[in-house]
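Report on one structure; see the data block that follows.
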Amino acid sequence: MSLLGAIEAGGTKFVCGIGQEDGTVVERISFPTTTPEETMAQVVDFFKGKNIAAIGAGSFGPIDPVKGSPTYGRITTTPKPYWSNFDMVGHLRSHFDLPIEFDTDVNGAALGEATWGAAQGLESCLYITVGTGIGAGAVVGGELIHGLSHPEMGHILVRRHPEDKFEGFCPYHGDCLEGLAAGPSLSKRWGVPGAELTPDHPAWAMEAYYLAQALMNYILILSPQKIVMGGGVMKQLQLFPLIHAELRKQLNGYVQVPAIMDDIENYIVPPQLGDNAGLCGALALAKKALAAG
């Protein structure tokens with residue numbers, strides 16, 4: 001069984017790992033995301049001499065994951081200082097003569113959950129992370145969704161909660177989903193970090209109102225067989241029943257399928273891979289690279 005290299009490239013920290021083709025992580029390391037020069041030097045040092053057969057990288061974005069594009073493999077218009085237009089795949093190829101698969105962190109996590117986690121054995125799933133930002137990746141027909149670029153499902157527009165006066169914090173769209181429901185919106189709206197709010201605080205019903213709207217849109221457009229919700233905000237497990245109830249209310253009986261009508265608790269779930277979702281997603285990308293040669 002070949003060893004695979006995995007890179008979970010986050011805006012705050014990088015997690016690198018060595019794993020097997022069955023998704024088992026055998027070694028991992030993490031370090032802060034600073035400049036590309038400093039951070040990637042640590043990535044290269046970690047993988048040197050490890051006898052890996054392929055590398056998968058799931059990165060914060062926006063990125064260009066479209067093979068054949070002149071900017072394939074680059075982090076593009078990110079607000080993260082120093083990283084805009086950085087050629088991650090090119091940098092890795094300059095050090096490793098190996099198959100490399102590059103995608104968004106959430107697309108990687110979606111593939112990981114489809115390969116080894118909560119959506120294993122299904123043809124489609126959606127993975128959404130709700131943390132410092134909001135992003136989502138989707139597997140449809142066993143393949144990750146790409147088109148002009150990659151999906152940016154965290155920036156869809158949602159209806160405002162009637163009692164919400166917060167203007168939103170997204171630097172591009174103000175009150176898009178990310179602007180109203182990502183982690184920073186909780187502290188900016190309520191004056192304290194979300195982790196310090198009590199489980200019965202009205203913040204969580206408002207959060208569920210926005211997230212359920214997003215899930216309704218994703219269900220109506222993609223019809224995924226499983227929805228996996230991760231990220232720091234979703235560690236507040238009281239959100240899941242609130243989202244389940246709010247989604248049913250918003251759908252209003254329109255989508256009459258047993259997964260939603262009778263078994264929604266097993267349809268919208270936390271990551272089965274837990275905190276390894278991102279790293280295992282990168283492993284799944286590496287496995288894909290190895291299979292493609």
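Just so it is clear, the structure is predicted and the values come from calculations on it, not from any experiment.
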Should [X] and [Y] count as side-chain neighbours, where that means a heavy-atom distance under 4.5 Å?
X: P271; Y: E113; answer: yes
X: M229; Y: L239; answer: no
X: Y209; Y: V158; answer: no
X: I227; Y: Y218; answer: no
X: I63; Y: I75; answer: yes
X: Q20; Y: L3; answer: yes
X: M88; Y: F102; answer: yes
X: L247; Y: I219; answer: yes

Any link between [X] and [Y] through a network of hydrophobic side chains (Ile, Leu, Val, Met, Phe, Trp, Tyr) touching at under 4.5 Å?
X: L251; Y: M261; result: no
X: I29; Y: I52; result: yes
X: M216; Y: I268; result: yes
X: L222; Y: I128; result: yes
X: I18; Y: V25; result: no

What do the steps show when you test N276 against R28 for side chain to side chain contact (heavy atoms under 4.5 Å, CB included), and what is the final call? CA-CA 10 Å; N276 272 337; R28 63 185 290 157; 2.3 Å; yes

Matching residue for E207 among L197, L242, L186 - test: side-chain contact (heavy atoms from CB on, under 4.5 Å):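 Only match with E207 under side-chain contact (heavy atoms from CB on, under 4.5 Å): L186.
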
Which one of I221, L126, I145 satisfies the side-chain contact (heavy atoms from CB on, under 4.5 Å) criterion with M153?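 Exactly one pass, corresponding to L126.
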
Please check this pair: side chain of [X] against backbone of [Y], looking for a donor-acceptor N/O pair closer than 3.5 Å.
X: S149; Y: D64; answer: no
X: S59; Y: G61; answer: no
X: S84; Y: T76; answer: yes
X: T129; Y: G135; answer: no

If I take atom [atom1] from residue [X] and atom [atom2] from residue [Y], how far apart are they, to the nearest 0.5 angstrom?
X: N85; Y: T78; atom1: CG; atom2: OG1; result: 11.5 Å
X: I243; Y: R248; atom1: CD1; atom2: CZ; result: 13.5 Å
X: L92; Y: L98; atom1: CG; atom2: CG; result: 9.5 Å
X: L211; Y: E246; atom1: CG; atom2: CD; result: 10.0 Å
X: E178; Y: H155; atom1: CD; atom2: NE2; result: 4.0 Å
X: L4; Y: L285; atom1: CG; atom2: CG; result: 10.5 Å

Side chain to side chain contact (heavy atoms under 4.5 Å, CB included) for M40 and H95? Distances and angles first, verdict last. CA-CA 11 Å; M40 293 305 294; H95 291 276; over 6 Å; no

At their closest point, which heavy atom of [X] faces which heavy atom of [Y], and how far apart are they?
X: A54; Y: A289; result: CB-CB, 4.3 Å
X: L273; Y: C280; result: CD1-CB, 3.7 Å
X: C125; Y: A110; result: SG-O, 3.6 Å
X: A119; Y: K226; result: CB-CB, 4.2 Å
X: P162; Y: K165; result: O-NZ, 3.8 Å
X: G17; Y: L279; result: N-CD1, 3.8 Å

Should the pair R93-D87 be classified as a salt bridge under the 4.0 Å nitrogen-to-oxygen rule?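 Judged by the 4.0 Å cut-off on N to carboxylate O distance, R93 and D87 do not form a salt bridge.
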
Does atom [atom1] of [X] have more than 12 heavy-atom neighbours from other groups under 6.0 Å away?
X: K249; atom1: NZ; value: no
X: D275; atom1: CG; value: no
X: Y82; atom1: OH; value: no

Can you check side chain to side chain contact (heavy atoms under 4.5 Å, CB included) on L144 and T104, steps first, answer last? CA-CA 10 Å; L144 290 166; T104 63; over 6 Å; no

Please lay out, stage by stage, how F46 and E27 fare under the test side chain to side chain contact (heavy atoms under 4.5 Å, CB included). CA-CA 10 Å; F46 174 74; E27 186 180 351; 3.6 Å; yes

Pairs flagged by side chain to side chain donor-acceptor pair (under 3.5 Å) wherever residues 183-199 is involved - sequence neighbours left out: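 Applying side chain to side chain donor-acceptor pair (under 3.5 Å) to every pair that reaches into residues 183-199, excluding sequence neighbours, yields D164-R189, T198-D200.
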
Residue pairs, two or more places apart or on separate chains, that pass side chain to side chain donor-acceptor pair (under 3.5 Å) and touch residues 252-269: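 The answer is D263-N266.
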
Parallel, tilted or perpendicular: which describes the rings of W83 and F86, with under 30° parallel and over 60° perpendicular?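 Ring orientation, 0 to 90° scale: perpendicular.
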
When you check the side-chain N and O atoms of T12 and T33, is any donor under 3.5 Å from an acceptor?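 Result is no, nothing qualifies.
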
